[in-house]
**Q** 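Take a look at this one; I'll ask things after.
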Amino acid sequence: MLGVDAGDLLALLGVAACAVLAWKAAQRAGRSRGLLRLTALVCLALAAFFFYLWYAQYLQWDFNELGRHYDPADEVVYTDAGFVWVLPAGVLLIAGLLCAWRGWRR
């Protein structure tokens, strides 16, 4: 799966579970728009952080056909496994937008 191991999948599953739990807690609060708004802000801030990680670990580099990039200045080899950061970013962005829509719709 292009460099994705079990640890990466467990981390993504944990992020998705936290987003779902935050969404359910905000829904259970019913009329508590403050909790929904806070959840939206936290989810959107975390989404921005994970989008930054996606850029820094994947989009910034020009990979060869083997999925590697060698940086001669730092003598570091980067692999194309950094694409995995877009998954928690997308999940948190969707959760944040849903919470924001529910929290600020009236």
Side-chain angles (χ1 to χ4, degrees):
M1 266 179 58
L2 295 173
V4 178
D5 60 356
D8 294 335
L9 292 176
L10 286 175
L12 292 175
L13 183 64
V15 168
C18 288
V20 168
L21 289 176
W23 171 256
K24 287 189 180 237
Q27 267 188 332
R28 262 187 261 123
R31 296 180 185 252
S32 177
R33 294 192 191 278
L35 181 61
L36 277 171
R37 291 174 181 174
L38 179 65
T39 303
L41 292 176
V42 169
C43 285
L44 292 174
L46 286 173
F49 174 70
F50 282 118
F51 274 120
Y52 170 75
L53 285 178
W54 181 46
Y55 170 77
Q57 297 295 322
Y58 184 69
L59 290 179
Q60 182 176 356
W61 310 112
D62 184 26
F63 298 104
N64 62 13
E65 64 276 355
L66 297 175
R68 291 177 176 80
H69 171 76
Y70 177 70
D71 186 9
D74 294 333
E75 297 182 356
V76 177
V77 176
Y78 296 97
T79 63
D80 63 353
F83 78 93
V84 77
W85 293 110
V86 76
L87 299 174
V91 169
L92 287 167
L93 179 66
I94 291 170
L97 290 175
L98 285 172
C99 288
W101 178 68
R102 297 275 303 196
W104 277 289
R105 81 175 163 180
R106 286 190 205 165

**Q** Ignoring hydrogens, what is the shortest heavy-atom contact between Thr39 and Cys99? Give both atom names and the distance.
**A**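 For Thr39 and Cys99, the tightest heavy-atom pair comes out as CG2-SG, 3.7 Å.
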
**Q** Could you report the tightest heavy-atom contact between Leu93 and Ala47, atom names first, then the distance?
**A** N-CB, 3.7 Å

**Q** Indicate the atoms forming the closest heavy-atom contact of Phe51 with Gly90, along with that distance.
**A** CZ-N, 4.4 Å

**Q** Show the nearest heavy-atom pair for residues Gly96 and Ala40, with the distance to one decimal.
**A**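 What the structure gives for the nearest pair is O-CB, 3.5 Å.
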
**Q** For residues Leu92 and Leu46, report the shortest heavy-atom separation together with the two atoms involved.
**A**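 Answer, listing the atom of Leu92 first, then Leu46: CD1-CB, 3.6 Å.
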
